[in-house]
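Worksheet: one structure, shown below.
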Amino acid sequence: MQNKTIVSMTLTALFSALVFIGTTIKIPLPTGAFVHLGNAMFLLAVLLIGYSKGAIAGSIGFALFDLLNGYATEAPYFILECFIVGAFSYGAIKLCRTNELKLPQIIFIGAMTGIAKLVMTQLKNWLFLLLSGAGTKQAFLAASVKLPATLINVCTTILIVSLLYFPIRKLLLKQGLTSIHH
């Protein structure tokens, strides 16, 4: 039991670090947003260590990135977003109804996760603009400016996860880490 807890904590910490590092690997866009690999590491965490631990890993990784890179006010939002987007990922995993995911299912899960990410990004940006005094329509349109960066992140996430999921899962299973579940 104690060994299982240590393995679980270690995997959660490892994926937290991967989310943090993945988010630091970024390509800035003209809108002020940037494309990064953190979302891919987050989805891998949910796929490989489960919803709760994956959401915790994503929350820690994204929050640490925000706190250390001048985005401290965004950290609470991204903690919440990890649990919401992670729930969509988990729901998509459950819709696949299998323990042995194949590439089309990984792409489907990535797409469902991406839709949740796009909706959350639009809602967050729209609400922040509304709170800052913009009108409803203007805030919604202005919030849409950041969606292309999110869409690029979604596509990048699907590609990276499609490439990395199977070898990482195989490696973890080879090491006897049977706590990997869907």
Side-chain angles (χ1 to χ4, degrees), residues 15-16 18-48 50-52 54-66 69 71-96 101 103-132 134-165 182:
F15 277 103
S16 296
L18 289 173
V19 169
F20 174 80
I21 292 165
T23 309
T24 63
I25 301 170
K26 57 187 179 179
I27 303 164
L29 297 173
T31 62
F34 52 88
V35 176
H36 61 83
L37 304 178
N39 293 322
M41 299 303 108
F42 167 59
L43 181 53
L44 283 169
V46 173
L47 283 164
L48 294 167
Y51 165 67
S52 298
I56 290 168
S59 295
I60 293 168
F62 286 129
L64 283 174
F65 174 84
D66 288 342
N69 288 282
Y71 303 103
T73 58
E74 303 254 342
Y77 165 78
F78 284 105
I79 291 169
L80 175 65
E81 183 183 88
C82 282
F83 284 92
I84 294 171
V85 172
F88 275 81
S89 304
Y90 186 71
I93 292 166
K94 289 298 180 191
L95 283 174
C96 293
L101 297 173
L103 183 59
Q105 293 162 322
I106 294 295
I107 293 168
F108 168 75
I109 293 164
M112 293 300 99
T113 302
I115 290 168
K117 178 71 175 168
L118 285 162
V119 169
M120 290 298 296
T121 298
Q122 182 66 14
L123 282 173
K124 176 193 84 157
N125 292 331
W126 180 59
L127 287 173
F128 278 133
L129 289 165
L130 281 176
L131 291 172
S132 66
T136 304
K137 185 177 179 182
Q138 294 79 11
F140 189 84
L141 291 173
S144 300
V145 170
K146 292 194 177 185
L147 287 180
T150 304
L151 185 58
I152 293 168
N153 272 319
V154 166
C155 293
T156 303
T157 295
I158 293 169
L159 177 64
I160 299 293
V161 170
S162 295
L163 292 171
L164 294 181
Y165 171 76
H182 301 291

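Looking at residues two or more places apart in sequence or on another chain, you find a side chain to side chain contact (heavy atoms under 4.5 Å, CB included) between T24 and F20, I21, F65. Checked against side chain to side chain contact (heavy atoms under 4.5 Å, CB included), I106 has the following partners two or more places apart in sequence or in another chain: L47, L101, V161, S162, Y165, F166. A search for side chain to side chain donor-acceptor pair (under 3.5 Å) contacts involving E74 returns K124, not counting sequence neighbours. The side chain to side chain donor-acceptor pair (under 3.5 Å) test applied to S89 returns T113, not counting sequence neighbours. F108 meets the side chain to side chain contact (heavy atoms under 4.5 Å, CB included) test with A92, L95, C96, M112; sequence neighbours excluded. Under the side chain to side chain contact (heavy atoms under 4.5 Å, CB included) criterion, A87 pairs with Y51, sequence neighbours left out.
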Return a table of donor-acceptor pairs under 3.5 angstrom between the side chains of residues 136-144 and protein atoms on other chains or two or more places apart.
from, atom 1, to, atom 2, distance (Å)
S144, OG, Q122, NE2, 3.3
S144, OG, F140, O, 2.9

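Note on residues 79-91: pairs passing salt bridge (charged side-chain N to carboxylate O under 4.0 Å, His left out), not counting sequence neighbours, are E81-K117. Annotation: salt bridge (charged side-chain N to carboxylate O under 4.0 Å, His left out) contacts involving residues 22-38, sequence neighbours excluded, are absent. For residues 103-113, the set of pairs meeting the salt bridge (charged side-chain N to carboxylate O under 4.0 Å, His left out) definition, not counting sequence neighbours, is empty. Within the structure, salt bridge (charged side-chain N to carboxylate O under 4.0 Å, His left out) contacts touching residues 37-46 (residues at least two apart or in different chains) do not occur.
A side chain to side chain contact (heavy atoms under 4.5 Å, CB included) with M41 holds for exactly one of T23, V19, T157; it is V19.
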